[in-house]
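Some notes on the structure that comes next.
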Amino acid sequence: MNIEQLKETAAAMVAPGKGILAMDESHPTCNKRFDALGIATTEENRRAYRDMLVTASGLGDYIGGAILFDETIRQQTLDGTPFAEKLRSAGVVPGIKVDKGAKVLAGHPGEKITEGLDGLRERLAEYYELGARFAKWRAVITIGDGIPSRACQAANAHALARYAALCQEANIVPIVEPEVLMDGTHDIARSYAVTELAQRLLFDELRGQGVVLEGIVLKPSMVISGSDAKQRAGVDEVARETLRCLLNTVPACVPGVAFLSGGQSDEEATGHLNAMNGMGVALPWALTFSYGRALQQAAMQVWDGKSANVAKAQKVLLLRAKCNGYAARGEYSESMEAAA
Ligand code: 5MM
C-alpha cells in the first residue's frame, strides 16, 4: 500500500471548489432513467450518453473525480479514447463502482446488504490497469417501522470496511458510502439518529480493519426529513444537523466528505451544500458533492438520446457542476441559475 499515493488521489478528488461526478449507474438504473425519457436502452446509447458527459469541455474546472461503471470503464469516446484516459487528461481522476448491488438481508424484511466482496481483490487489480484510482461501494440503510435494525447497520458497516481495506491494498482510494435513504415520513431527528449510528459503526469498522483514514473519502447522505414527511426541515436546519452529525462522527484526518444527492432536487442539493460551507464553521475535511442525479438529470433530459443535443446538454451539465463547485466553497448564489 502506498499511503502517499492514496493521499494524493484523495486530495485531487476533493480539491477546493471541486466535487465528484457519480456516473456509475448500473444497467438497471441507467435503463430506468432512459425509459422515463423514452430513450432506447441500448449499449450504444449508454456509451453515447457517457461520451457526452466525459467530453464536456471544462469539466475538470469543477469535477475532481468521476465514478464509472464496469461497462463504462471499458468504453471509448467516438475518437477511440478510453473514457478513463479522456477524464485523466481533463484533470479528472477516474474511479469505478465495485459493489454488486444491495440485496435482501436474510432474516430482515425490508432491509438490504450490499454484496460484491468475493473476487474483489482480482477485480480491483484489473480496474487499476484500466486506469481507476478510486472506487465506490454503496450501502443502503432504510428508515421505516422498526428499521433499520442493528444487524443491518453492523453488517453494512463491516462490508464497507472490508471493501475499503482491499481497495487500499490495491492503491485505490475507497469512497465509503453509507446511504440513509430519504424515502419515508420520518422527521429530521430520526434521520440524525440513524445517520449518526451508521457513521459511528462505519468508523469503528474501518479502524478495526486497519483502513488508513487519510486515504478514504466518505460519501454520506445529508441529515434531512423523509421525502413524505408532513413538515420538512428547511435549508438551515438540514445544514446545521448534517454538520453536527459529521463533526460528531468523522475523524479530522479524513480528507474529504462528498455528499450524495439522494433524490433532492438539483437546486436543493446545491443549496444545502452551500449553506454548510457558508456557515463560517472551520471544518477539518473538504465538504463537497458526489452527486449522480443532481448533476445529471437536467443534462440527460436535454440530451434526449440525440447527438444534435450534445452541446446543449454539456452546457447544462457544466452549469450544475459550476453551481456545486461554488457551493463547495460556500460561494453559490441563486442568481447563478438565473444568469444561465
Ligand atoms: C449514479 O447512481 C448510482 C447508482 O448506482 P446503482 O445503479 O447501483 O443503484 C448511485 O450509487 C450514486 O452514485 C449515489 O447514490 C449518488 O447518486 P445520487 O443520485 O443519490 O446523487
Checklist entry - Has R46 got its NZ or CZ under 6.0 Å from the middle of the six-membered ring of F34, at an angle within 45 degrees of the ring axis? => result no

Checklist entry - Any cation-pi pair here, R244 with Y192, using under 6.0 Å and within 45°? => result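 Relative to the ring axis of Y192, which defines the angle, R244 lies inside both limits.
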
Going by an N to O cut-off under 4.0 Å, is there a salt bridge joining [X] and [Y]?
X	Y	value
E126	R74	yes
K100	E115	no
R200	E196	yes
D99	K136	no

Checklist entry - Which ILVMFWY residues can you reach from I141 by hopping between side chains whose heavy atoms are under 4.5 Å apart? => result I143, V180, V194

Checklist entry - So N277 and L283, side chain to side chain contact (heavy atoms under 4.5 Å, CB included) or not? Walk me through it. => result CA-CA 9 Å; N277 281 305; L283 300 173; 4.1 Å; yes

Next on the checklist: Could you walk me through whether R320 and Y62 satisfy the side chain to side chain contact (heavy atoms under 4.5 Å, CB included) test, starting with their C-alpha distance in whole Å, then the side-chain angles of each, then the deciding distance to 0.1 Å, before giving a yes or no?
Outcome noted: CA-CA 9 Å; R320 291 269 40 93; Y62 304 106; over 6 Å; no

Next on the checklist: Checking salt bridge (Lys or Arg N to Asp or Glu O under 4.0 Å) between E25 and each of R50, K97, K32, which is the one that passes?
Outcome noted: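 In the set R50, K97, K32, the residue that makes a salt bridge (Lys or Arg N to Asp or Glu O under 4.0 Å) with E25 is R50.
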
Next on the checklist: With a 6.0 Å cut-off (strictly less than), is the heavy-atom count around OH of Y326, excluding the residue itself, greater than 12?
Outcome noted: no

Next on the checklist: Determine whether R240 and E237 satisfy the following criterion, salt bridge (charged side-chain N to carboxylate O under 4.0 Å, His left out), listing intermediate values before the conclusion.
Outcome noted: CA-CA 5 Å; R240 250 194 339 268; E237 195 176 358; 5.2 Å; no

